[in-house]
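Note that this is a predicted model, so its numbers are computed, not measured. In what follows, chains are A, B, ... by sequence order, proteins preceding strands, each numbered from 1.
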Number of protein chains: 2
Amino acid sequence: MNTHNIINFLREKGLKVTSQRLAICSFILSRKDHPTAEQIFQELRDEYPTISLGTIYKTLHLLKDLRLIQELGFNNGSIRYDPDMELHVNMICSKCGKIYDYKTKNVKNLWDAILSELNVKPVGQRIDVYYECDDCKNINST
Amino acid sequence: MNTHNIINFLREKGLKVTSQRLAICSFILSRKDHPTAEQIFQELRDEYPTISLGTIYKTLHLLKDLRLIQELGFNNGSIRYDPDMELHVNMICSKCGKIYDYKTKNVKNLWDAILSELNVKPVGQRIDVYYECDDCKNINST
DNA sequence: TTACTATTTGATAATGGTTATTAATGAATC
DNA sequence: GATTCATTAATAACCATTATCAAATAGTAA
């Protein structure tokens, strides 16, 4: 979703397009590494020195309610935000915590087979796989 | 794991067997609904009126380090504790939040197919499916 | 452009779950 | 039973998130 689309989307919902809101939306909707609210805050401070953490949270909740992003709670209590609303596997390095999304047709097919086995109508899902990423493997082997 | 097994397990690890520790271990290892620390605290208070939340947390962390339970962070920031360390699907009601574990040979087979597609050596996983449970369905339809 | 209104923002305080601290307690060993 | 050291309970500290509210601002209409 580019800036133009975001502006139109907000306007359609009757929401005001402020520079802060636009910046936060653009930021999270383009990121693939599931940042925390704090990380978003730190990265936007350079360009928007007066931006507030409260605004970050409010905008993230807004995007969640509008179904443009999802929250992911992790085991240390931290909450990360993921703009990919389609079925995918969160590949999480158990050492450094880095995350990337894995999404293929084949995974979708296999997942559908699991869902049909469950015999319920799902309204959502979350799939995490922990592994050791290449960077961490290399550090350990040197 | 019954009381006798827990006592032996703790002793083997060189840990002291206190009544609080035993109660907390017995409680969480037999529960299937992934309670929070606070829920464990409230339920044990009847039998152990002086038990402290700090002790609950310390014992849960102990069990986690010993790989007898796993932590599950959720999207509202809450952390629940799950004594099932084998592969299973967390079936979560999107309305009331109740959880039950779904575990069959077929799900295991399908999941293994997904893992082989991913081309990594996994060290763990988490699979959540959100749906509307029967209780909540009935409430809505009346 | 200006004025008006309702939304949004930023600063701050409040909240609540988790962790740290520490003196007192109690399990294990002899 | 005495000794020792891990464990407990109570309390305070911590920190991420939420709530509050006056000031700022986007959108709209005059």
Worksheet item: Between A:H34 and A:D84, does any side-chain donor sit less than 3.5 Å from a side-chain acceptor?
Response: no
Worksheet item: Does A:A113 offer a backbone N or O that forms a donor-acceptor pair with the side chain of A:S116 under 3.5 Å?
Response: yes
Please write out each protein N/O paired with an N/O of nucleotides 25-29 of chain D under 3.5 Å, distance rounded to 0.1 Å.
| residue | atom | partner | partner atom | Å |
| --- | --- | --- | --- | --- |
| D:dA26 | N3 | A:K16 | NZ | 2.9 |
| D:dG27 | OP1 | A:R11 | NE | 3.4 |
| D:dG27 | OP1 | A:R11 | NH2 | 3.4 |
| D:dG27 | OP1 | A:V17 | N | 3.3 |

Worksheet item: Could you state the CD-C1' distance from A:Q20 to C:dG10, rounded to the nearest angstrom?
Response: 9 Å
Worksheet item: Between A:K64 (NZ) and D:dT18 (P), how many Å, whole number?
Response: 9 Å
Worksheet item: So which one's nearest nucleotide on DNA chain C is more toward 5', B:L53 or A:I24?
Response: A:I24
Worksheet item: Sub-3.5 Å donor-acceptor pair from the side chain of A:Y102 to the main-chain atoms of B:E117, do we have one?
Response: yes
Discussion item. If I take atom CG in residue A:L60 and atom P in nucleotide D:dA16, what distance separates them, rounded to the nearest angstrom?
Written reply: 15 Å
Practice prompt. Taking only Lys NZ, Arg NE, NH1 and NH2, and the carboxylate oxygens of Asp or Glu, determine whether A:E86 and A:K103 approach each other closer than 4.0 Å.
Written response: yes
Fill in: Smallest separation among heavy atoms of A:W111 and B:I114, with atom names
N-CD1, 4.1 Å
Discussion item. Between C1' on D:dA16 and CG on B:N76, what's the gap in Å once rounded to a whole number?
Written reply: 13 Å
Worksheet item: What is the distance, rounded to the nearest whole Å, between atom CD1 of A:I51 and atom P of C:dA11?
Response: 11 Å
Worksheet item: For C:dG10, does either OP1 or OP2 sit under 4.0 Å from a side-chain N or O belonging to A:T55?
Response: yes
Worksheet item: Does one side chain, of B:E43 or B:Q39, offer a donor that lies under 3.5 Å from an acceptor on the other?
Response: no
Response to the item:
B:K58 atom NZ is separated from C:dT21 atom P, nearest whole Å, by 11 Å
Fill in: Nearest-angstrom distance from the residue atom CD1 of B:I79 to P of C:dG16
17 Å
Worksheet, complete the sentence: To the nearest angstrom, the CG-C1' distance between A:L62 and C:dT9 comes to 14 Å
